[in-house]
Amino acid sequence: MPSVILERSRKKRLEHAHPWVFKNEIAKIEGNPEAGDLVSIVNHQGRYLATGYYNPASQITVRVMSYEPLEAMDQNFFAQRFRKCLEHRERFVTGGNAYRLVYGEADFLPGLIVDRFGDVLVVQLLTLGMDRRREEIRDALVEVVGPVGIYERSDVSIRELEGLEQTKGPLYGDCPRHVVVTENGLQIKVDIVEGQKTGYFFDQRENRAAIAPLMTGWGARSGITLQEVAADSGDAGTTVMKPVNKSGKVVEFPFWDGATVLECFSHTGSFTLNACKHGAKKVTCLDISEHAIESARDNVKLNGFEERVEFVVDDAFQYLRNQVKGVEERNARAGGKGDTSKPLTAGGGRTFDVVILDPPAFAKTKNAVKGATRGYKDINLHGMKLVNEGGYLVTASCSFHMRPELFLDTIKEAAADAGKILRLVDWRAAGKDHPQILGVEEGHYLKFAIFEVRSRTQL
């Protein structure tokens, strides 16, 4: 087998479980490996370190597949790895039939993503080494999982860095465009053909469930309390506990104690569904994509939440700014400023008990961090201004280059500008079907936080 000899002065990342060898870390190559071939990786002293697949066209020239000699990446090899992937998910992912089955480097299969949607699998082949073994991967998935269909969604630009074209289409069996799966006890309709990436984002599963405590406990703010009232049965002296408003009337709306919620960047409406499941009174589901809102609308209908959800197709940045401007105009008028004979110039002016911000990655490269920081500050600044006193800001970042410390610092700066004090009540990463290898920082991409929002002047 050909060998890749590493530079003496390189960083010892490989010894700390990082599976990438960059072009500038290679001193020389012995033998004549072709692109995609397996090669032995040895240090400058000739000591064997690992086996990986080779691509001279990529800056990541070798990706580690094994820390002991490996003869071939055949169907048997992939089947063994897939069984371990399946074992991990069956242990840690409960209450649903959908999850990330294979998570690239974290499952010791760099360049390969497999998402499971019930009986249908969606595959992404991100590297030349995996692309060359498409048939072996397909056959091993059929052997281990037994799906009715496998669909490929390798229509991602990262393949171009490997010298590959983007591609998508069926690999095996019957692949319907839409599949319905269960997550957190909710029905989710997924578009595996035209949905973003593989059609759905599993990494926020546990985080979506984490909003449950925020969804109830708001009725008292509206003057609604539980009181003893006469039973409807007519039996003299019989009473029951029912919600009663300030006027003494019984409140019949079953979600009287629920939160008002705004979900921005909703995609398929997954946070909206979890909010409704756990008792939200009213949810505004917003995305700039008409296709995303149609997907969210389908999912809301599928779960019977139509009466509590409104849908907005709009740019989240502009929507948040418009609402904040409306709030500021209303507050100014309440303070005796402004001409009340004229209509408000700003639209909106709505506030919410819970604001949820789950944007796409703003920083896809290191050079984009500065602009991304401005974007994260903007949405969090305006988002927290729309949170009712003592309510909650739920915010996330899926940009790897937006490191946790920078993300929190950015939110802290936004809070200072907004005159808010934030109390962190929950901090999370990606779910258990997205494990992380210690030493591989690239896997630590998702940051998720829940903050209680208070005004400095109302403590």
Side-chain angles (χ1 to χ4, degrees), residues 78-126 130 137-138 140-154 156 171-173 175-193 195-212 267-274 277 295 299 302-303 358 396 398 428-437 440 443-446 448:
F78 283 110
Q80 290 179 353
R81 292 282 169 97
F82 292 156
R83 288 189 183 97
K84 291 180 180 179
C85 294
L86 187 60
E87 180 182 341
H88 174 85
R89 275 70 186 179
E90 289 180 342
R91 180 184 297 276
F92 288 106
V93 181
T94 59
N97 59 350
Y99 44 76
R100 174 145 292 182
L101 176 62
V102 179
Y103 182 39
E105 283 79 356
D107 281 308
F108 313 104
L109 290 164
L112 177 63
I113 300 293
V114 182
D115 281 347
R116 181 173 191 174
F117 300 98
D119 293 330
V120 176
L121 303 179
V122 178
V123 174
Q124 281 188 328
L125 306 173
L126 304 177
M130 288 299 181
I137 291 168
R138 177 201 63 198
L141 286 171
V142 172
E143 175 186 339
V144 174
V145 183
V148 298
I150 302 175
Y151 194 84
E152 182 176 359
R153 283 296 303 273
S154 299
V156 287
L171 287 183
Y172 170 83
C175 298
R177 174 172 174 175
H178 295 98
V179 293
V180 176
V181 297
T182 303
E183 180 188 275
N184 295 338
L186 295 157
Q187 298 295 297
I188 311 288
K189 182 181 177 182
V190 179
D191 185 345
I192 67 170
V193 177
Q196 293 184 35
K197 295 192 176 179
T198 64
Y200 190 67
F201 298 105
F202 289 120
D203 53 2
Q204 294 264 40
R205 175 192 291 102
E206 289 88 339
N207 302 341
R208 289 188 272 262
I211 68 172
H267 190 218
T268 54
S270 51
F271 275 101
T272 290
L273 297 178
N274 280 268
K277 175 186 176 182
S295 296
N299 285 326
L302 193 61
N303 289 275
D358 182 24
C398 60
R428 294 167 173 261
K432 294 181 176 63
D433 57 349
H434 288 66
Q436 300 171 0
I437 300 294
V440 184
H444 300 250
Y445 70 98
L446 182 63
F448 174 88

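Source: prediction; values computed, not measured. The figures here come from the full heavy-atom set of this structure, side chains too, leaving out hydrogens, waters and symmetry mates.
Here the CG atom belonging to Asp119 is positioned 11.5 Å from the CD1 atom belonging to Ile150, to the nearest 0.5 angstrom. Here Gln124 contributes atom CD and Leu112 contributes atom CG; the two are 9.5 Å apart, rounded to the nearest 0.5 Å. Of the inter-residue distances, the one linking Leu86 atom CG with Arg91 atom CZ reads 12.0 Å to the nearest 0.5 angstrom. Atoms OG1 and CG, from Thr272 and Asn303 in turn, are 11.5 Å apart once rounded to the nearest 0.5 Å. Rounding to the nearest 0.5 Å places CG of Asp203 at 8.0 Å from CG of Asp433. Of the inter-residue distances, the one linking Leu121 atom CG with Arg116 atom CZ reads 6.5 Å to the nearest 0.5 angstrom.
Between Ala430 and Gln436, the shortest heavy-atom distance links the atoms N-NE2, 4.4 Å. Heavy-atom minimum distance, Lys189 versus Asn299: N-OD1, 2.5 Å. Across every non-hydrogen atom of Tyr103 and His434, the tightest pair is CD2-CA, 3.6 Å. Closest approach of Gly199 to Arg153, counting heavy atoms only: N-NH1, 4.5 Å.
Among residues two or more places apart in sequence or in another chain, the ring-ring contact (aromatic ring centres under 6.0 Å, His included) test is passed with Phe202 by Phe117, Tyr200. Residues forming a side-chain contact (heavy atoms from CB on, under 4.5 Å) with Lys84 (at least two apart in sequence, or on another chain): none.
Ion pairing of Glu90 with Arg83 is absent here, as no side-chain N (NZ or NE/NH1/NH2) approaches a carboxylate O to less than 4.0 Å.
Checking side-chain atoms of Asp358 against main-chain N and O of Ala396 turns up no donor-acceptor pair under 3.5 Å. Of the possible donor and acceptor atoms, none in the side chain of Glu183 sits under 3.5 Å from a partner among the backbone N and O of Ala98.
No side-chain heavy atom of Gln204 sits less than 4.5 Å from a side-chain heavy atom of Ser270. For the pair Leu109/Val114, no side-chain contact is recorded, criterion being any heavy-atom separation below 4.5 Å from C-beta on.
Ring geometry for His267 versus Phe201: interplanar angle of 30 to 60°, hence tilted.
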